[in-house]
Amino acid sequence: MHLTLPAFAQIQLTTIDWVIVAASILVCFIPALFVGKKSSESTSEFFASGQNVPWWLAGLSMVATTFSSDTPNWVTEQVRKFGVAGNWQWWAFVLTGVSTVFFFARLWRRSGVMTDLEFYEARYSGKAASLVRGFRAVYLGLFFNCFIMGMVTLAACKIANIMFGMPAWQTICICGVLNVVFAAHSGLWGVLIIDMIQFFIKMTAVFAAAYFSLKAVAVKTGVGESALAGLHKMVEVLSTQQVITDKKGVPVMSDKADGLGQPILDIMPNFGMSELALMIFIVPIAIGWWANWYPGAEPGGGSYIAQRMLASKSEKDSLGGTLFFNVAHYVLRPWPWIITGLCSIIIFPNLDSIRAAFPNANPEMIGHDSAFPAMLQFLPVGFMGLMVGGLIAANSSTILTHLNWGASYLVHDFYRRFVKPDASERHCVQVGRLCTLLLYVVAAVISYFINSAQEAFQILIGIGAGTGLIYILRWFWWRVNAWCEVVAMISSFVATIVFFVLSKNDVILSFANTTLMTVGFTSVCWLAAAFLGPQTDRSVLISFYKKVRPSGPGWGSIRAEVEAVDPQPENEKDNMPLAFAGWISGCVVIWASLFCIGKFLYGQTTEAYILLGATVVSGAVLLRVINRLWVKA
C-alpha cells in the first residue's frame with residue numbers, strides 16, 4: 001500500500017497547539033524580564049554579564065545560539081543534494097571547535113577584554129590597531145552580522161510560508177517585535193537565560209520531527225505505522241539511491257546504485273566523484289577548518305563564542321563551557337535533522353512534489369531547504385505546537401545573540417572608542433538598545449536578497465576564506481601585525497567579489513576551487529604584510545605577553561626578555577603536548593560517537609560497536625587530559 005499525499009493549503013494548528021506555543025514563548029521570555037535592571041547597570045553587564053557566567057550556562061547558550069531556524073533547513077538541503085556526507089562541510093569544524101577548547105579558551109579569558117575586538121588594541125599598536133578595531137566593529141557588527149541574521153530570517157520566512165502561507169513581511173514583523181524588545185531590555189543575561197530554556201524545547205521538538213517523519217515513511221511505503229518500521233524501510237530504500245551530477249554539474253537523485261555516484265546514506269564521500277568530494281570533504285577537512293572564518297566556528301575563537309568565553313567567571317568555566325558546546329553541537333543535534341532530511345527524500349522526492357503539497361506557498365521560495373518545514377505536516381496535535389514553539393525559540397536564540405553581539409561591537413568598539421569616548425555607562429546602554437533595532441532592520445532587508453541557506457553559507461565562507469590562519473597565529477607569533485588583518489580582510493573580500501562577478505558573466509568555477517584560490521591569494525597577501533608592513537611596538541608585545549603568557553616558539557625573543565625580569569613558574573606554564581592530546585582525543589570522541597549513532601540507526605552493528613569502542617578509549621584519554629588541565633585552570 002502506498003499513500004498519496006494530499007495537498008496542504010497550510011498546516012493547521014488547534015487550540016491545544018496554540019496554548020503550547022504560547023506556553024513555550026512565555027516560559028522562555030518571562031524569566032528574562034527580571035534581569036533587565038541588572039543589565040542596565042553598565043555595558044559590562046549588558047554585553048558581558050559582568051564576566052560572571054558559569055560554564056554550563058555559557059555552554060548551553062553557545063549551543064542554543066548555533067541552533068538557529070535555518071540550521072535544520074540547511075542540513076536537510078545538504079542531505080537531499082549531496083547525501084549524508086554533505087554534512088562534512090560543517091563536521092570538519094570539529095577541528096576548529098575543539099582547538100578553541102584546548103588552545104584558546106584560557107588565552108581569551110586571560111586577555112581580560114570585554115569583546116574580541118578590544119583584543120586588537122591590546123595585541124597591536126599604532127593607528128593600524130585602532131583602524132582594525134573600528135573597521136571590524138562595523139564590518140562584523142553591522143554588515144557580516146546582519147548577513148547572518150538575514151540567513152536566519154530567510155529560514156523563518158520559508159518555514160512560516162510553508163506552514164501557514166504567511167508572506168515574508170509578516171514573519172519579519174512578528175519576529176522583529178519579539179526579538180528586538182527582549183534583546184534591548186535584558187542584555188546578555190537575558191539572552192543566556194532564554195538560550196538555556198530554548199535549548200531543551202528545541203531538542204525535544206526536533207526529536208519529535210524525526211520520530212513522526214519515520215512514521216510517515218512507514219505509512220507511505222505500506223510497512224506499518226511504527227517509527228522503527230519506517231527507519232528500516234528508509235534505510236532499505238535509500239541504500240539503493242545515490243546522488244549524481246548532470247551535464248550542468250547540478251546534483252540529482254538516481255535510483256541506480258552503480259558506484260559512480262554519492263550513496264545517500266554513506267557518511268564518507270565517494271572520492272571517485274572528485275569535484276563533489278573536493279567540495280564537501282577535502283577542502284573543509286584539509287583547509288577550511290583553519291583557513292576560513294565562520295561565526296561559531298572561528299579559528300582561534302571569536303564572535304559570540306568569544307563573547308561567552310569572555311563572560312565566563314574563570315578559565316575553568318571558559319574551557320568547560322566551550323567543550324560542552326562542541327560535544328552538544330556535533331553529537332547530540334545532527335541525527336534528528338539528518339533523519340528528517342532522509343525521510344523527506346522518500347516523501348518529497350523532488351521540488352515539484354513540495355509545491356504540489358503546499359499550493360499556497362510562494363513557489364519562488366521553495367527549494368531543497370524547504371523540505372524540512374514540509375515534513376512538519378506529519379506532527380500530531382500538541383507536537384505541532386511544540387515544534388512551532390521550538391522554531392520560534394530557534395529563531396530567537398540566534399537573533400537575540402547576534403543583536404547583542406553586534407550591538408556590543410558598534411557601541412563598545414566603535415561608538416565609545418571613536419565617536420564619544422566620554423559617554424556614560426547609562427548613555428552607552430541606551431545607544432546599544434538603539435543599535436539593536438537598527439541591526440534587525442538591516443537584517444530584514446538583507447533577507448529579501450538571499451535565495452537559499454546554501455547560497456548564504458557559501459558567500460559567508462568565501463568572504464572569510466584565508467583569514468582564519470591569522471586568528472590562530474596572532475596568539476603564537478609576534479610578527480603578526482594589525483596590517484596583516486587589514487590586508488586579509490580586503491583581499492578575501494575582493495577575491496569573493498571577483499568570483500561573484502565572474503559567475504554572473506557565465507564564468508562558472510566550482511565553490512571548492514574558488515575557496516582554494518581565495519585562501520591562497522589571501523594568505524600570500526597577509527604573509528607579505530607580516531614581513532613588509534610596520535611591526536607592532538615592542539612595548540605592546542611585552543605587555544600582551546605578560547598578560548596572556550602564550551606558548552610556542554613564535555614569542556621566543558619576547559619571552560626571553562620578559563622571563564629575564566619576571567620568570568613564570570614552570571607549573572603555571574601551558575602544557576602544549578597535553579593540549580594537543582586533548583585536541584586529538586576530543587575530535588576522536590566527537591566524530592566516533594557521531595558516526596556510532598549513525599551506524600546503529602542504519603543497523604550496521606559491527607561498525608557501530610567498533611566506533612563505540614573508539615569513543616570509550618578516546619573519551620578516557622580526554623577525561624584524563626581535562627582533569628590535569630582543570631587543576632591548573
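- Here salt bridge (charged side-chain N to carboxylate O under 4.0 Å, His left out) pairs that include residues 520-548, with residues two or more places apart or in two chains, are Arg538-Glu561.
- The residue from Phe93, Trp91, Tyr330, Trp88 that alone fulfils the ring-ring contact (aromatic ring centres under 6.0 Å, His included) condition with Trp591 is Trp88.
- Once rounded to the nearest 0.5 Å, the distance linking CD1 of Ile282 with CD1 of Ile287 reads 10.0 Å.
- Note that the CZ atom of Phe200 and the CE atom of Met196 stand 7.5 Å from one another [nearest 0.5 Å].
- Partners of Arg559 by salt bridge (Lys or Arg N to Asp or Glu O under 4.0 Å), not counting sequence neighbours: none found.
- Annotation: side-chain hydrogen bond (donor to acceptor under 3.5 Å, both in side chains) contacts of Ser61 (sequence neighbours excluded): Asp195, Arg308.
- The two atoms that bring Trp555 and Trp475 nearest to each other are NE1-O, 2.9 Å, heavy atoms only.
- Every residue two or more places apart in sequence or in another chain that forms a salt bridge (Lys or Arg N to Asp or Glu O under 4.0 Å) with Glu121 is listed here: Arg133, Arg417.
- Listed by chain and residue number, nothing satisfies the salt bridge (Lys or Arg N to Asp or Glu O under 4.0 Å) test with Asp317 (two or more places apart in sequence, or in another chain).
- Counting only heavy atoms from C-beta outward, the side chains of Leu594 and Pro334 approach each other to under 4.5 Å.
- Taking each heavy atom of Arg123 and Val480 in turn, the nearest pair found is NH2-O, 3.1 Å.
- Minimum interatomic distance between Cys484 and Ile470 (heavy atoms only, all atoms of both residues): O-CD1, 3.5 Å.
- A 6.0 Å sphere centred on OH of Tyr415 holds more than 12 heavy atoms belonging to other residues, nucleotides or ligands.
- At least one side-chain heavy atom of Pro550 sits less than 4.5 Å from a side-chain heavy atom of Tyr545.
- Of the residues Ile584, Ile590, Val588, the one that meets the side-chain contact (heavy atoms from CB on, under 4.5 Å) test with Ser618 is Val588.
- In this structure, Leu319 CG and Ser312 OG are separated by 10.0 Å, a value rounded to the nearest 0.5 Å.
- For Val487, the side-chain contact (heavy atoms from CB on, under 4.5 Å) partners are Cys525, Ala529, not counting sequence neighbours.
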Trace of the side-chain contact (heavy atoms from CB on, under 4.5 Å) decision for Leu437 with Tyr440: CA-CA 5 Å; Leu437 175 61; Tyr440 190 82; 5.7 Å; no
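- One finds the OG atom of Ser111 at 13.0 Å from the CZ atom of Phe104 (value rounded to the nearest 0.5 Å).
- Shown here for Val625 and Ala581, the closest heavy-atom pair between the two residues is CG2-CB, 4.1 Å.
- Atom CD1 of residue Ile558 and atom CD of residue Glu563 lie 12.0 Å apart, to the nearest 0.5 angstrom.
- In this structure, the separation between SG on Cys428 and CG on Leu410 is 12.0 Å, given to the nearest 0.5 Å.
- In terms of heavy-atom proximity, Ser593 sits nearest to Val331 at OG-CG2, 3.3 Å.
- Of all the heavy atoms in Val540 and Ser125, the pair that sits closest is CG2-CB, 3.6 Å.
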